[in-house]
A.B. asks: 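Questions regarding the structure given below will be posed in turn.
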Amino acid sequence: MAQTVLITGASSGIGRATAEVFARKGWNVSASARNPVDESIWGRPGNTISPRLDVTDEASIASAIAATLERFGAIDVVVNNAGYGLFGPVEGTTAEQWEAVFRTNVFGTANVIRQVLPHMRRRRSGVIINVSSVAGRVAIPYLAPYNATKFALEGLSESLRFELEAHNIRVKLIEPGTFKSNFVSRGLEWSKHAAYQPQLSNLMSHVSKSMERAKDPSIVAEAIFDAANDTSHRLRYPVGGGLLAIRALLPDAVWRWMMGLGMNRPPRSPQGAPATR
């Protein structure tokens with residue numbers, strides 16, 4: 001019998017690529033999103049549904065889980081992928097912005113986990129995969145709001161794995177670097193403050209340039225699939241996270257110097273000249 005995965009934020013980017021990988025490999029896929037896509041895009045409509053699921057709406061979570069169970073009878077894996085970025089200086093970030101990003105990236109993940117756990121506990125089986133980021137391990141200037149949510153997700157996951165071990169439920173963390181998606185165009189919000197220009201402008205240019213060089217999100221999707229099938233107690237799965245290795249190797253003084261360069265210089269063009277903004 002085919003196994004079933006429920007994915008949040010599956011309409012684009014890493015979530016969509018993950019749905020495609022699981023569907024291609026014969027799984028039943030519940031590719032949920034706030035604005036669901038046409039199920040026919042997956043190529044296997046009989047084994048894929050696209051329920052509406054807004055991680056900030058408890059009723060929609062319950063409805064999506066119920067729809068998945070009604071169609072497929074079980075949920076073997078949950079991939080908590082839904083989230084968005086909030087970058088910018090702390091001084092320029094409003095209380096409402098802080099609350100909104102935590103409501104989606106942290107509380108939303110906890111909402112989904114809390115509602116799916118009774119089913120997994122009854123079956124004494126399941127895998128919860130939380131999509132974090134290298135930004136959950138390494139803090140970057142002007143990413144404090146996003147860093148804070150991903151650091152929180154790391155702590156949540158590490159604690160949860162001990163709680164669920166007695167119930168034979170595994171917890172996994174995926175930590176991607178930068179991959180192609182609509183993260184910058186649709187999933188990224190900026191807070192601003194005049195006192196932090198032009199450093200913030202430089203960072204915005206670096207983020208834009210990094211997306212131009214980014215690799216396909218299918219790489220992350222394959223890592224998620226591997227984690228779902230990994231029966232070990234491994235928790236963290238970095239993907240394209242060379243920054244983690246660099247940070248681990250460099251003395252703090254050198255790291256601060258590198259971060260200073262990034263803040264105070266715009267990205268360079270292929271010819272070596274500073275890129276225009």
Side-chain angles (χ1 to χ4, degrees), residues 8-9 11-15 34 54-56 80-110 130-156 173-214 217 220 240-244 246-247 252 255-269 274-277:
T8 68
S11 62
S12 63
I14 290 173
R34 283 189 304 171
D54 180 345
V55 297
T56 67
N80 286 304
N81 169 72
Y84 73 95
L86 174 59
F87 293 2
V90 170
E91 189 175 354
T93 307
T94 67
E96 291 76 18
Q97 286 176 309
W98 278 101
E99 290 169 2
V101 74
F102 266 85
R103 191 179 306 121
T104 296
N105 293 5
V106 182
F107 306 151
T109 296
N130 296 329
V131 179
S132 178
S133 168
V134 295
R137 302 271 297 280
V138 177
I140 306 296
Y142 298 113
L143 267 67
Y146 185 67
N147 279 138
T149 64
K150 293 303 184 179
F151 270 64
L153 188 59
E154 296 267 335
L156 182 158
L173 271 167
I174 306 296
E175 300 168 327
T178 302
F179 289 85
K180 287 191 182 299
S181 70
N182 58 7
F183 182 77
V184 172
S185 61
R186 288 177 51 195
L188 178 57
E189 178 182 343
W190 290 93
S191 64
K192 297 182 180 180
H193 192 292
Y196 298 91
Q197 298 290 355
Q199 287 186 337
L200 181 58
S201 181
N202 287 338
L203 174 69
M204 293 173 76
S205 295
H206 281 291
V207 169
S208 180
K209 285 290 181 182
S210 71
M211 290 306 298
E212 292 176 9
R213 300 189 298 267
V220 185
L243 193 64
L244 294 176
I246 293 171
R247 181 65 186 95
D252 188 63
W255 177 254
R256 286 189 290 109
W257 173 78
M258 286 180 57
M259 291 298 100
L261 287 181
M263 287 190 295
N264 294 303
R265 293 182 185 175
R268 300 203 169 253
S269 68
T276 57
R277 291 195 300 272

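What you see is a predicted model, and the numbers here were worked out from it, not measured in a lab.
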A.B. asks: Using side-chain contact (heavy atoms from CB on, under 4.5 Å) as the criterion, list what pairs up with Ser191, not counting sequence neighbours.
C.D. replies: Pro89, Thr93, Gln97

A.B. asks: Checking Gln197 side chain against Ser201 main chain: does a donor-acceptor pair fall under 3.5 Å?
C.D. replies: yes

A.B. asks: Considering residues at least two apart in sequence or located in another chain, which fulfil the side-chain hydrogen bond (donor to acceptor under 3.5 Å, both in side chains) criterion with Thr109?
C.D. replies: none

A.B. asks: Identify each donor-acceptor pair in which a side-chain atom of residues 147-156 lies under 3.5 Å from a protein atom, sequence neighbours left out, and give them as a table.
C.D. replies:
| from | atom 1 | to | atom 2 | distance (Å) |
| --- | --- | --- | --- | --- |
| Asn147 | OD1 | Ile140 | N | 3.1 |
| Asn147 | ND2 | Ala135 | O | 2.7 |
| Asn147 | ND2 | Val138 | O | 3.3 |
| Thr149 | OG1 | Asn105 | ND2 | 3.2 |
| Thr149 | OG1 | Tyr146 | O | 2.8 |
| Lys150 | NZ | Val131 | O | 3.1 |
| Glu154 | OE1 | Arg236 | NE | 2.8 |
| Glu154 | OE1 | Arg236 | NH2 | 3.1 |
| Glu154 | OE2 | Ser132 | OG | 2.8 |

A.B. asks: Can you find a pair of side-chain heavy atoms, one from Val90 and one from Trp98, that are under 4.5 Å apart?
C.D. replies: yes

A.B. asks: Between Phe102 and Phe107, what is the ring plane arrangement, given parallel below 30°, perpendicular above 60°, and tilted in between?
C.D. replies: tilted

A.B. asks: Applying side-chain hydrogen bond (donor to acceptor under 3.5 Å, both in side chains), name anything that partners Asp54, two or more places apart in sequence or on another chain.
C.D. replies: Thr56

A.B. asks: Can you sort out the partners of Tyr196 under ring pair (Phe, Tyr, Trp, His ring centres under 6.0 Å), two or more places apart, ordered by chain and number?
C.D. replies: His193

A.B. asks: If you take all heavy atoms of Thr8 and Ala82, which pair is closest and at what distance?
C.D. replies: OG1-N, 2.9 Å

A.B. asks: What residues, two or more places apart in sequence or in another chain, satisfy side-chain hydrogen bond (donor to acceptor under 3.5 Å, both in side chains) together with Asn81?
C.D. replies: none

A.B. asks: How many angstroms lie between atom CD of Glu189 and atom OH of Tyr84, to the nearest 0.5 angstrom?
C.D. replies: 5.5 Å

A.B. asks: Test of understanding: with side-chain hydrogen bond (donor to acceptor under 3.5 Å, both in side chains), list the residues that count as partners of Thr104, not counting sequence neighbours.
C.D. replies: none

A.B. asks: Search all heavy atoms of Gly88 against all heavy atoms of Leu200 and return the closest pair with its distance.
C.D. replies: CA-CD1, 4.2 Å

A.B. asks: Hey, what do you get for OG1 (Thr94) to CG (Leu86), rounding to the nearest 0.5 Å?
C.D. replies: 8.0 Å

